[in-house]
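Here is the structure we will look at.
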Amino acid sequence: MVEVAIIGGSGVYDPRLMSDLREESVETQFGTAHVTIGTFQDNPVVFMQRHGQGHTLPPHKINYRANIMALKQLGVKDVIATSAVGSLNRAMHPGDLVLLDQFMDFTKQRPFTFYDGEGGEVVHTDFTEPYCPGLRELLLACAQSKGVRLHPTGTYVCTEGPRYESPAEVRAYGLLGGDVVGMTNVPEVVLAKEAKLRYAVVAMVTNYGAGISPQPLSHQEVLDVMAHNGESIRTLLMEALGRLLGGGH
């Protein structure tokens with residue numbers, strides 16, 4: 001049984017913080033999910049590439065239900081996810097890390113729940129705290145102990161993609177209270193909550209949103225910023241894994 005998982009977003013594809021790596025395919029009722037299982041401090045850890053091997057899946061084509069159900073079937077209880085985001089908040093600069101605490105959903109066509117009424121089961125899940133408070137506290141403590149700058153809160157606006165947002169949309173999302181914008185956290189956060197996984201997200205700001213950014217947006221810019229600032233995420237993940245697997249949670 002593997003109790004801890006990392007979901008890597010854009011620019012976070014390297015599971016080499018673990019040893020004894022092996023690839024596995026997990027069959028679920030929603031499809032097949034692919035994971036890497038390795039060892040960290042003598043404990044098994046799952047690493048999942050959200051966009052698939054080589055970043056081959058656009059955000060609206062990711063099988064989120066299969067991914068989360070696969071983690072559940074493997075016995076995972078704690079999930080730390082990473083996400084590349086654009087900033088709607090001028091106080092959150094490219095290269096900054098943000099610990100999400102709320103989200104807003106502007107997706108349009110994704111399967112977004114495990115509870116679609118089959119078998120007459122209707123379930124309404126509470127989302128007062130979308131992200132696990134315990135994991136968030138752990139990540140904040142890890143950041144403080146390692147000197148990693150981490151914004152303690154942030155509201156994530158999820159859009160359908162794969163296009164970037166227009167300047168008008170960026171202005172509107174900011175007026176609504178959004179801090180960062182991305183294309184993948186919904187339905188991932190919803191499904192993790194429904195599956196009763198403890199789930200938290202560390203987002204890295206890779207650019208300002210359209211109309212704030214002085215230049216057109218590109219995916220290469222995302223990868224470049226993630227590569228340049230990836231050490232801060234790796235430091236944070238390693239400290240968090242050590243505490244989780246060492247019983248510090």
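We use all heavy atoms of the structure for the numbers below, so side chains are in, but hydrogens, waters and symmetry mates are not. One-based numbering along the sequence shown.
Two residues are said to be in side-chain contact when any heavy atoms from C-beta on lie closer than 4.5 Å; Arg198 and Val79 fail this criterion. Within the 4.5 Å cutoff, the side chain of Thr206 has no heavy atoms near those of the Pro94 side chain. When side chains are defined from C-beta on, Leu99 does not count as touching Val201, because their heavy atoms never get closer than 4.5 Å. Under the 4.5 Å side-chain criterion, counting only non-hydrogen atoms from C-beta, Gln73 is not in contact with Glu27. In this structure, the side chains of Phe47 and Val35 stay at 4.5 Å or more apart for every pair of heavy atoms. Counting heavy atoms from C-beta on, the side chains of Leu135 and Tyr199 never come closer than 4.5 Å. With a 4.5 Å cut-off on side-chain heavy atoms, Thr32 and Val26 do not count as touching. For the pair Leu236/Val202, a side-chain contact is recorded, criterion being any heavy-atom separation below 4.5 Å from C-beta on.
Between Tyr64 and Phe30, the distance from one ring center to the other does not fall under 6.0 angstrom.
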Check: Step by step, would you call Tyr156 with Ser83 a side-chain contact (heavy atoms from CB on, under 4.5 Å)?
Finding: CA-CA 10 Å; Tyr156 181 110; Ser83 179; 3.7 Å; yes
Next item on the list: Would you check, one step at a time, whether the test side-chain hydrogen bond (donor to acceptor under 3.5 Å, both in side chains) holds for Thr82 with Arg234?
Entry: CA-CA 10 Å; Thr82 66; Arg234 283 190 291 273; over 6 Å; no
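We find that Arg50 and Glu188 are joined by a salt bridge, their nearest charged nitrogen and carboxylate oxygen being less than 4.0 Å apart. Taking 4.0 Å as the cut-off between side-chain N and carboxylate O, Glu169 and Arg171 do not count as a salt-bridged pair. The existence of a salt bridge linking Lys77 and Glu3 is confirmed by a sub-4.0 Å separation between a basic side-chain nitrogen and an acidic carboxylate oxygen. The pair Arg65-Glu194 does not meet the salt-bridge criterion, since no charged nitrogen lies less than 4.0 angstrom from a carboxylate oxygen.
In this structure, Thr39 contributes its side chain and Asp42 its backbone to no donor-acceptor pair below 3.5 Å. Under the 3.5 Å distance criterion, the side-chain polar atoms of Arg149 are left unmatched by any main-chain donor or acceptor of Asp96. Between the Asp101 side chain and the Gly154 main chain, a donor and an acceptor come within less than 3.5 Å of each other.
Side-chain atoms of Ser87 and Asn89 form no donor-acceptor pair, as typed in the model, at a separation below 3.5 Å. His93 and Tyr208 share a donor-acceptor pair across their side chains, judged by distance under 3.5 Å alone. With hydrogens and angles left out, the side-chain atoms of Asn185 and Tyr131 include a donor and acceptor closer than 3.5 Å. Counted by atom type alone, Ser145 and Arg243 present one or more donor-acceptor pairs between their side chains at under 3.5 Å.
Looking at Asp78, Leu245, Ile37 one by one, the single match for side chain to side chain contact (heavy atoms under 4.5 Å, CB included) with Val45 turns out to be Leu245.
By the 6.0 Å contact criterion, CD on Gln144 is open, its count of non-hydrogen atoms from other residues, nucleotides or ligands being 12 or less. The local environment of CE in Met238 is sparse, with at most 12 non-hydrogen atoms from other residues, nucleotides or ligands closer than 6.0 Å.
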